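As structure tokens, the structure follows; a few thoughts come after it.
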Amino acid sequence: MPSASARCVVQDSVFVRKCRCRGQLFHNPPPNRYHRPGFHPFQGGRIGANMQGRSRNSPTNRAKKSSTAAPKTFPLPSGATQRRVQFKNKFNETLVGVFVDAGSDNVVILCHGYSSSKDSFHFPAIANELAKKSISSLRFDFSGNGDSAGVFDFGNYAKEVGEIRGAVMLVRDQLRKTVHGLVGHSKGGNDVLLYSSAFDDVPYVVNIAGRFDMKQGLTERFGQDIFAKLEKHNQVEMPGVNSAGASFKWLLTKRSMEERVNTDMKLAAERIKVSEVLTIHGTEDRVIPFEDAKRFAEFIRPHMLAPIEKADHNFTNTAASQAMIQKLTAFFTSGL
């Protein structure tokens, strides 16, 4: 049911919510589909539209499933412990995570990127460094990725925002701790910013190499004719490689592509008022250009931009990864 501070009406089969406290109108689907209505940056009422008209048990997309590589591990500091946790999303899919308990009340949630997992990128190393600072962490696999249930999908931004909400509530309600911050890399960077634009209830947020212009990078990834193919066939089977290096087939749908291109990161950035945001971006990123980071700096307040010289999209050289982790941990201990 709508809160006392919001007035909701139905208009042309799109759930329209007028939020008096923030004075803006945006479209979203009926509230029972997600953890909470109000993922405003998705235009035209298309939140989660990529989940419609296609079985979530598609064998094509399910070929991805769990990773085969052993997760990266780092020796935890004295007194810290690590354990596997699980929670459900709104589709009753089981999401799998790793909770590193540093013995503190504060927890940072780590969110992976496209076709990736909780043990990819530098997340185990980040968790270890946070534990050294007495900050606990939770990293988990989004649905359809890593060890979590569900179907891999290209768009899924609204669904993943709902899954971050599930992780936040796991920390608050079951672990009985405080969510001190969010970290997301690449697509995960977009996810944590979209979460903040919808909820704005986590004090510190780190966007690592997230994309500002959501219309860019698509033909480079899928080919110049991808929009014509989707217009004609509505879906296209695509090859993929997960973070463990395993190949899989999945379906790119027209609805999923529409969710991507209609996600307005400028609107999302402008709506973040409470969370302090740090954007970390490599100056030699060839996947998402450094200029995108500058655009976030224009529209998010309060915000700090931390360029990492000579770093690529995944911060693969040792100096770059160490600089990125140092910036991140310093932010969580001291803020902007």
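Being a predicted model, the structure only gives us computed values, none of them experimental.
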State whether [X] and [Y] are salt-bridged, where the test is any N-O pair (Lys NZ or Arg NE/NH1/NH2 against Asp/Glu carboxylate O) under 4.0 Å.
X      : Y      : answer
Asp201 : Arg165 : yes
Glu298 : Arg295 : yes
Lys159 : Glu93  : yes

Q: Answer yes if the side chains of Thr283 and Lys310 hold a donor-acceptor pair under 3.5 Å, and no otherwise.
A: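 There is no such pair (donor and acceptor under 3.5 Å, judged by atom type) between the side chains of Thr283 and Lys310.
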Q: Using distance alone, with no hydrogens and no angle criterion, decide if Asn106 and Thr178 have a side-chain donor and acceptor under 3.5 Å apart.
A: no
Q: List the steps, then state whether side-chain contact (heavy atoms from CB on, under 4.5 Å) holds for Val206 with Phe332.
A: CA-CA 9 Å; Val206 179; Phe332 285 123; 3.6 Å; yes
Return the [atom1] to [atom2] distance between [X] and [Y], rounded to the nearest 0.5 Å.
X      : Y      : atom1 : atom2 : value
Ile126 : Ser137 : CD1   : OG    : 9.5 Å
Ile308 : Met324 : CD1   : CE    : 8.0 Å
Arg139 : Ser117 : CZ    : OG    : 9.0 Å
Arg221 : Gln216 : CZ    : CD    : 13.5 Å
Leu218 : Ile226 : CG    : CD1   : 9.0 Å
His313 : His281 : NE2   : NE2   : 7.0 Å

Where do [X] and [Y] come nearest, in terms of heavy atoms and distance?
X      : Y      : answer
Phe123 : Cys111 : CZ-O, 3.3 Å
Lys229 : Val236 : CB-CG2, 3.8 Å
Ala320 : Ala311 : CB-CB, 3.6 Å
Lys118 : Val96  : CD-O, 3.9 Å
Ser143 : Asn156 : OG-ND2, 4.4 Å
Asn145 : Ser115 : OD1-CA, 3.5 Å

So do the side chains of [X] and [Y] get within less than 4.5 Å of each other, counting heavy atoms only?
X      : Y      : answer
Thr94  : Lys88  : yes
Met257 : Phe222 : yes
Ile208 : Phe121 : yes
Leu328 : Leu130 : yes
Asp191 : Leu182 : no
Leu194 : Met265 : yes
Leu267 : Ser197 : no
Glu284 : Asp312 : no

Q. Taking the six-membered ring where the residue is Trp, are the ring centres of Tyr157 and Tyr195 under 6.0 Å apart?
A. no
Q) Taking only residues two or more places apart in sequence, or in another chain, which ones meet Phe296 in a ring pair (Phe, Tyr, Trp, His ring centres under 6.0 Å)? A)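 Counting only residues at least two positions away or on another chain, Phe296 forms a ring pair (Phe, Tyr, Trp, His ring centres under 6.0 Å) with Phe212.
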(Q) According to side-chain hydrogen bond (donor to acceptor under 3.5 Å, both in side chains), who are the partners of Lys177, at least two apart in sequence or on a separate chain? (A)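 For Lys177, no residue satisfies side-chain hydrogen bond (donor to acceptor under 3.5 Å, both in side chains) once neighbours in sequence are set aside.
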Q. Would Lys266 count as a cation-pi partner of Phe299, with NZ or CZ less than 6.0 Å from the six-membered ring centre and within 45° of the ring normal?
A.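 Yes.
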(Q) Could you walk me through whether Thr81 and Asp101 satisfy the side chain to side chain donor-acceptor pair (under 3.5 Å) test, starting with their C-alpha distance in whole Å, then the side-chain angles of each, then the deciding distance to 0.1 Å, before giving a yes or no? (A) CA-CA 5 Å; Thr81 61; Asp101 189 349; 4.6 Å; no
**Q.** Test side-chain contact (heavy atoms from CB on, under 4.5 Å) applied to Val85 and Phe140, step by step
**A.** CA-CA 9 Å; Val85 296; Phe140 71 97; over 6 Å; no
(Q) Using the rule given for side-chain contact (heavy atoms from CB on, under 4.5 Å), can you reason through Gln224 versus Thr219, listing the C-alpha separation, both sets of side-chain angles and the distance that settles it, and then say yes or no? (A) CA-CA 5 Å; Gln224 294 294 325; Thr219 56; 3.7 Å; yes
Q. Can you list the steps and then say if Phe152 with Tyr114 is a ring-ring contact (aromatic ring centres under 6.0 Å, His included)?
A. CA-CA 10 Å; Phe152 175 76; Tyr114 170 79; 5.6 Å; yes
Q. Please walk me through it: do His185 and Asn314 pass side-chain contact (heavy atoms from CB on, under 4.5 Å)?
A. CA-CA 9 Å; His185 171 245; Asn314 290 312; 3.0 Å; yes
Q | Passing option when Ser275 is tested against Pro302, Ser196, Pro203 for side-chain contact (heavy atoms from CB on, under 4.5 Å) | A | Ser196
